[in-house]
Amino acid sequence: MSRLHTTLASVGEVATHYGAALPQGPVHFARETTEGADGLVVFESRGRRLLRSMGWGFPRLTREMREHGDDPQRLGLVGDLTNPMWEHMVVDPRYRCLIVLTHFANPDGAPGHKTRTWFSVKHAPVMAWAGFCRNLPDYGPVYAGMTMVANAAVMPTNDRMPVLLDPHDYDAWLHGGIRDVIGFQHRAPFAAERMVVEHTDDLWRSGKLPATAQPQLALL
């Protein structure tokens, strides 16, 4: 599962899609979101959906890292729900969120010459990724996304993919119990036929966004 996604839609479009209230003041997020950068997240508070930017990735600092004076790693992917890092949080709906994205990318090709292959969903200008979020001391609000077995469209580049949600899934994800969480992770992924696969010649570290999104970028 790659650690790169992007949101090529306006904040207003995103808020309308999710029925979310905009925060006061400007919303800052990275067009190319990697772990540690800010992305867009929708969460619920007191019965209202709210949109805000958060840092992608929960901090992880092992004893060895402390001994060597290393900075914490950022972990933005949730694969094993029984991992002690996640097990107490994933059962509580208060920490559920919808991660906003329009595309995610995987590296493709030979080692040393990896290029970007982008994935999106047909007829879905905005997608939702099942996520968890929390406001942490010293780090502020952060989020991570749950992963699942990849479909046939994504599998050539990675055997994992985001747990993508349709609009009719949003309430179940935000309010469901742990059985619902497990069910979302282990259900069949979005069908390969629903995916748009965009192969590029752009090197993995190029910073280039999908060419098909250039008309959208011109409007932002």
Side-chain angles (χ1 to χ4, degrees), residues 1-10 13-14 17 29-42 53-58 73-80 97-132 143-167 169 184-220:
M1 171 64 204
S2 120
R3 290 175 164 83
L4 171 63
H5 62 270
T6 187
T7 302
L8 303 178
S10 71
E13 289 171 325
V14 171
H17 173 82
F29 62 99
R31 289 297 176 195
E32 178 182 277
T33 307
T34 55
E35 284 167 311
D38 287 342
L40 285 179
V41 168
V42 172
S53 61
M54 299 185 184
W56 185 20
F58 281 68
Q73 296 175 337
R74 286 295 191 112
L75 296 182
L77 305 176
V78 181
D80 179 5
C97 66
L98 304 169
I99 301 168
V100 180
L101 71 163
T102 58
H103 304 73
F104 65 93
N106 282 331
D108 200 358
H113 303 279
K114 296 283 188 181
T115 55
R116 293 182 167 197
T117 292
W118 292 95
F119 301 91
S120 55
V121 175
K122 294 176 182 177
H123 313 301
V126 180
M127 296 189 289
W129 179 7
F132 306 95
Y143 71 92
M146 189 164 67
T147 66
M148 69 190 313
V149 174
N151 62 25
V154 177
M155 187 65 75
T157 59
N158 203 296
D159 61 1
R160 305 289 291 179
M161 66 178 285
V163 176
L164 300 176
L165 303 173
D166 280 313
D169 295 321
F184 277 116
Q185 187 178 48
H186 292 285
R187 71 178 183 177
F190 275 24
E193 293 75 20
R194 295 185 64 182
M195 307 297 294
V196 178
V197 182
E198 186 176 349
H199 299 284
T200 76
D201 294 324
D202 301 328
L203 293 178
W204 179 247
R205 299 185 182 278
S206 66
K208 293 185 178 181
L209 297 172
T212 54
Q214 295 310 313
Q216 293 169 271
L217 285 172
L219 299 175
L220 299 180

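Quick note: numbers below take in every heavy atom, side chains included, and nothing from hydrogens, waters or symmetry partners. Note that the numbering runs from 1 along the sequence shown for the chain.
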Around Lys208, counting heavy atoms of other residues, nucleotides and ligands shown, do more than 12 lie under 6.0 Å from its NZ? no
Answer yes or no: is there a donor N or O on one side and an acceptor on the other, between the side chain of [X] and the main chain of [Y], under 3.5 Å?
{"X": "Glu35", "Y": "Gly76", "result": "yes"}
{"X": "Asp108", "Y": "Thr157", "result": "no"}
{"X": "Thr200", "Y": "Arg116", "result": "yes"}

Among residues at least two apart in sequence or on other chains, which ones pass side-chain contact (heavy atoms from CB on, under 4.5 Å) with [X]?
{"X": "Ala150", "answer": "Val154, Met155, Met161"}
{"X": "Pro156", "answer": "none"}
{"X": "Ala191", "answer": "Glu193, Arg194"}
{"X": "Val78", "answer": "Leu81, Trp86, Phe132, Ala144"}

Show the numbers, then the answer: is there a side chain to side chain contact (heavy atoms under 4.5 Å, CB included) between Val196 and Lys122? CA-CA 6 Å; Val196 178; Lys122 294 176 182 177; 3.5 Å; yes
For [X] and [Y], work out which heavy atoms get closest and say how close.
{"X": "Ala130", "Y": "Ile99", "result": "O-CD1, 4.4 Å"}
{"X": "Val197", "Y": "Ala153", "result": "CG2-CB, 4.0 Å"}
{"X": "Val149", "Y": "Arg160", "result": "N-NH1, 3.6 Å"}
{"X": "Ala9", "Y": "Val126", "result": "CB-CG2, 4.1 Å"}
{"X": "His17", "Y": "Pro167", "result": "CE1-CG, 4.3 Å"}

Euclidean distance, [Y] [atom2] relative to [X] [atom1], rounded to 0.5 Å:
{"X": "Asp201", "Y": "His113", "atom1": "CG", "atom2": "NE2", "answer": "13.5 Å"}
{"X": "Trp204", "Y": "Thr115", "atom1": "CH2", "atom2": "OG1", "answer": "9.5 Å"}
{"X": "His103", "Y": "Glu32", "atom1": "NE2", "atom2": "CD", "answer": "13.5 Å"}
{"X": "Leu101", "Y": "Thr7", "atom1": "CG", "atom2": "OG1", "answer": "6.0 Å"}
{"X": "Thr117", "Y": "Glu198", "atom1": "OG1", "atom2": "CD", "answer": "9.0 Å"}
{"X": "Met146", "Y": "Leu77", "atom1": "CE", "atom2": "CG", "answer": "12.0 Å"}

ring-ring contact (aromatic ring centres under 6.0 Å, His included) partner of His5, the single match among Trp56, Phe119, Trp118, Phe29: Trp56
Side chain to side chain donor-acceptor pair (under 3.5 Å) with [X]: which residues, sequence neighbours excluded?
{"X": "Thr33", "answer": "none"}
{"X": "Asp169", "answer": "Arg187"}
{"X": "Thr6", "answer": "none"}
{"X": "Gln185", "answer": "none"}

Residues two or more places apart in sequence or in another chain: which of them pass salt bridge (Lys or Arg N to Asp or Glu O under 4.0 Å) with Asp80? none
State which residues pass salt bridge (Lys or Arg N to Asp or Glu O under 4.0 Å) with Asp38; sequence neighbours excluded, sorted by chain then number. none
Counterpart residues, ring-ring contact (aromatic ring centres under 6.0 Å, His included), relative to Phe184 (two or more places apart): Trp173
